[in-house]
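One structure is given here, and the rest of the page talks about it.
First the proteins, then the strands, lettered A, B, ... as listed; each starts at 1. The figures here come from the full heavy-atom set of this structure, side chains too, leaving out hydrogens, waters and symmetry mates.
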Amino acid sequence: MKGKLKGIYKDLLKEYGHQGWWPVSGVADKNSSDDLIQRGYHRKDYSIPKDRSQVFEICAGAVLTQNTSWKNAEAALNNLKQCGILSPKGILSSDSGVLCEAIRPARYFNQKSVYLRAFSDFFINSENSLDPGRDDLLSVKGVGKETADAMLLYAYFKPVFVIDAYTRRMFGFIGMIDPKAPYDIIQEMFQKALKPDIAIYQEYHALIVEHGKYFYSKKPYGKGDYILERYL
DNA sequence: ATCCAGGCGTTAT
DNA sequence: ATAACGCATGGA
């Protein structure tokens, strides 16, 4: 059980390399010729150097990318930044029309504008308290289990395993889980099999998304999962 | 033109 | 409890 998940992790890491999630702006090295660095990835960096503003940006991105390509979510983040409202106070004080227009590329802009304001309010009210717990995040409108866990793992550095649609399809494919099982059941399977290692949890989820894009999209780029098929 | 991407809240079985 | 539905952009 444990060896299997760890084996898959190693295979994916070998195939795709370090993903460097979560992407954030503001750490880009303009002098670098490395495309990943210029796009704002913190490659191989799992320490906690992030200031409040980057923590917020990760959380905002987590909301914006719900059922949406990261590319579109990133466009929304760039728009917010361009408008000078990529901050809790900025979002709360922004005109609704301006906010909606800025995040338009991320789809569902009416809903997500409300979600971003709700999270901004939560973020400000938890400024000088301890890190939020899962239940705290789940109480915010627009923050469901996957989003809450992504925030905890990538913004707050808590060892929680993120379960997304790709995770269900991939590990359902090799028979390790029931794809339609409840979120917490699937998450429990991963967390019982893997030690609570933040760096590995961050990397594993990123690798699942990368691999999933190729073989487990509804319109896969690749034709046969040569990596996971040996775990059948 | 059609299909889908790093879900969530609400409403109906 | 769990399934169905609305949301509503940009790229392939």
**Asked** Between A/Asp197 and A/Lys195, does at least one N-O distance fall below 4.0 Å, as a salt bridge requires?
**Response** no
**ring-ring contact (aromatic ring centres under 6.0 Å, His included) assessment of A/Tyr226 paired with A/Phe215** = CA-CA 9 Å; A/Tyr226 58 91; A/Phe215 296 104; 5.6 Å; yes
**Prompt:** Does a nitrogen or oxygen in the side chain of A/Arg107 sit under 4.0 Å from OP1 or OP2 of C/dC7?
**Reply:** no
**Complete:** For nucleotides 8-13 of chain B, 5' to 3', base contacts (B), sugar-phosphate-only contacts (S) and non-contacts (-) with protein non-hydrogen atoms under 4.0 Å give SSS---
**Asked** Considering heavy-atom distances to DNA chain C, does A/Asn72 or A/Lys180 have its closest nucleotide positioned more toward the 5' end?
**Response** A/Lys180
**A/Asp164 CG to B/dA5 C1', straight-line distance once rounded to whole Å** = 11 Å
**Item:** Integer-rounded Å distance: C/dA1 C1' and A/Asp184 CG
**Value:** 14 Å
**Item:** Rounded distance in Å - NZ (A/Lys218) to P (C/dA12)
**Value:** 19 Å
**Request:** State whether the number of non-hydrogen atoms from other residues, nucleotides or ligands found under 6.0 Å of A/Leu130 atom CG is greater than 12.
**Result:** no
**Complete:** Picking from C/dG10, B/dA5, C/dA8, the nucleotide nearest the side-chain atoms of A/Ser69 would be B/dA5
**Prompt:** Atom SG of A/Cys83 and atom CD1 of A/Ile103: how far apart are they, to the nearest 0.5 Å?
**Reply:** 11.0 Å
**Item:** Length of the line joining A/Asn67:CG and C/dC5:P, which is rounded to integer Å
**Value:** 16 Å
**Prompt:** Only one of A/Phe56, A/Phe119, A/Phe122 clears side chain to side chain contact (heavy atoms under 4.5 Å, CB included) with A/Pro88; which?
**Reply:** A/Phe56
**Asked** Closest nucleotide of DNA chain C for A/Tyr221 versus for A/Asn110: which of these residues is on the 5' side?
**Response** A/Asn110
**Asked** 5'-most contact on DNA chain B: A/Lys219 or A/Tyr108, nearest heavy atom basis?
**Response** A/Lys219
**Item:** Rounded distance (Å) that lies between atom P of C/dT9 and atom CG of A/Asn79
**Value:** 14 Å
**Prompt:** Would you say A/Phe173 has more than 12 foreign heavy atoms packed within less than 6.0 Å of its CZ?
**Reply:** yes
**Prompt:** Which of residues 204-212 of chain A sit near DNA chain B, with a heavy atom under 4.0 Å from it?
**Reply:** A/Val209
**Message:** What's the gap between C/dG10 and B/dC8 when it is taken at their P atoms, as a whole Å value?
**Reply:** 22 Å
**Asked** Expressed as a whole number of Å, how far does the P atom of C/dA8 sit from that of B/dT11?
**Response** 16 Å
**Message:** Counting neighbours of CD on A/Gln82 that are heavy atoms of other residues, nucleotides or ligands and sit closer than 6.0 Å, is the number greater than 12?
**Reply:** no
**Prompt:** To the nearest 0.5 Å, how far apart are CG in A/Asn79 and NZ in A/Lys81?
**Reply:** 12.5 Å
**Distance, rounded to the nearest Å, where A/Phe109 contributes CZ and C/dG10 contributes C1'** = 13 Å
**Asked** What is the distance, rounded to the nearest whole Å, between atom OH of A/Tyr183 and atom P of C/dT2?
**Response** 17 Å
**Message:** So which atom in A/Ile198 and which in A/Leu153 form the shortest heavy-atom distance, rounded to 0.1 Å?
**Reply:** O-CD1, 4.0 Å
**Item:** Between C/dT9 (P) and A/Asn78 (CG): distance, integer Å
**Value:** 19 Å
**Item:** A/Lys71 side chain, from C-beta outward: closest of B/dA5, C/dT9, C/dG11
**Value:** C/dG11
**Request:** Assess whether side chain to side chain contact (heavy atoms under 4.5 Å, CB included) is satisfied between A/Val162 and A/Ile208, documenting all intermediate values.
**Result:** CA-CA 10 Å; A/Val162 178; A/Ile208 287 169; over 6 Å; no
